[in-house]
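Take a look at the structure below.
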Amino acid sequence: MSLINLQEAMAIAAAQKGALGAFNVTCWEMAPAIVAAAQSADFPVVLQAQWPFLDYAGCEVASHFLADLAVRSKIPVVLQVDHGKSWEQIMMCLRNGFSSVMIDASHHPIDENIALVAQVVAAAHAMGVTVESELGRLSGSEGDVVVADADASFTDPAEAAYFVQQTGVDALAVSVGTVHGPYQGDPKLDFPRLEEIAEKTAIPLVLHGASGVSEAALQKAVSLGVRKVNFSTELRQAWLSAMRLTLAEDKADTLPAISAAQKAVESVVTEKIAILKG
Ligand code: 13P
Ligand code: ZN
């Protein structure tokens, strides 16, 4: 149907008090499975490519493949780079047809974070491309983003308001208790903090590290102003376990294992969209 930017897609989700699922593409064949699930749910989706995949696949070829999937799909699709870390990475994505970018400069002091993000916002907005950014830091690991527990920090609501006003970002990723990767014990989200950030910033919020977070907690987060929810770990786990099982039975061909892995990812994406759709 169409490739749209994050603001347009979040408006569709907000109209039904729901949120978008954003699903990380970590190998080529995962992308069609994500789009297929969103098509069946008849709900927009964020096809999210993390830099290590783009680097491995070749940013130009991979971007064209993903954008083509988006344009041919029966639902609106946002094509976003996840945790872009540098001006150079963002420029590659802008040149290659991404409709949204995430610039994650959360490892820098706030003034440097603001300066880089504001520069990205100016360039991206001039092309109709939306920008997500992050304040506070989630612990755990996601692609090439690795944060030790000691370096993690929650988002400060007052600082978030200042950050949004200074940068003009379209969506803000917050750190309120989720982690990247598997959880040790039950995830504990700081909902009062999330509510205060939503009130003070008045922009759509993004929840990262959503694999392993309960349905009730996800829905509560959405009710407080989260409009985009990021999943990666659960997709990779589903992909790998389906592949291992199939490869144990069929060692002669490539497609059975890939198809089984695609079906497994499709069912995780279907389940998450049903939770978030509103
Ligand atoms: P999980 O891998 O914990 O699902 O986190 C996904 C994410 O935040 C991608 O940016
Ligand atoms: Zn993330």
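Counting starts at 1 for both ligands and their atoms, in listed order.
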Inset, instruction - Pick, from Gln80, Lys272, Glu142, the option with the minimum heavy-atom distance to atom 6 (C) of ligand 1. - result: Glu142
Inset, instruction - Looking only at N, O or S atoms, find the one in His208 nearest to the Zn ion (ligand 2) and name it. - result: ND1
Inset, instruction - Around atom 8 (O) of ligand 1, find the nearest protein heavy atom and jot down its residue, atom name and distance. - result: Gly209 N, 2.9 Å
Inset, instruction - List the steps, then state whether salt bridge (charged side-chain N to carboxylate O under 4.0 Å, His left out) holds for Arg236 with Glu142. - result: CA-CA 11 Å; Arg236 282 181 279 116; Glu142 187 65 59; 3.6 Å; yes
Inset, instruction - Answer side chain, backbone, both or neither: which part of Thr178 comes under 4.0 Å from ligand 1, heavy atoms only. - result: neither
Legend entry - Sidechain N-carboxylate O distance under 4.0 Å for Arg244, Glu249: no
Inset, instruction - Determine, using heavy atoms of Leu138 and all atoms of ligand 1, whether some pair is separated by less than 4.0 Å. - result: no
Inset, instruction - Say whether Glu234, considering both its backbone and side-chain N or O atoms, lies within less than 3.5 Å of an N or O atom on ligand 1. - result: no
Inset, instruction - Decide whether an N or O pair under 3.5 Å exists between Phe231 and ligand 1. - result: no
Legend entry - Best match, Thr233, Thr26, Asp82: closest heavy atom to atom 10 (O) of ligand 1: Asp82
Inset, instruction - Find out whether the Lys NZ or Arg CZ of Lys272 is both under 6.0 angstrom from the six-membered ring centre of Phe23 and within 45° of the ring's axis. - result: no
Inset, instruction - Decide, yes or no, whether a salt bridge links Asp144 with Lys85 under the criterion of side-chain N to carboxylate O below 4.0 Å. - result: yes
Legend entry - Minimum-distance protein heavy atom relative to atom 3 (O) of ligand 1: Gly181 N, 3.0 Å
Inset, instruction - Please write down residue, atom name and distance for the protein heavy atom closest to atom 4 (O) of ligand 1. - result: Ser211 OG, 2.6 Å
Inset, instruction - List the steps, then state whether side chain to side chain contact (heavy atoms under 4.5 Å, CB included) holds for Phe154 with Val176. - result: CA-CA 6 Å; Phe154 278 18; Val176 292; 5.5 Å; no
Inset, instruction - Would you kindly specify which portion of Gln50 sits under 4.0 Å from ligand 1, judged on non-hydrogen atoms: side chain, backbone, both or neither? - result: neither
Legend entry - Working for side chain to side chain donor-acceptor pair (under 3.5 Å), residues Ser106 and Asp104: CA-CA 5 Å; Ser106 60; Asp104 177 3; 2.5 Å; yes
Inset, instruction - Tell me yes or no: between the side chains of Asp151 and His107, is some donor less than 3.5 Å from an acceptor? - result: no
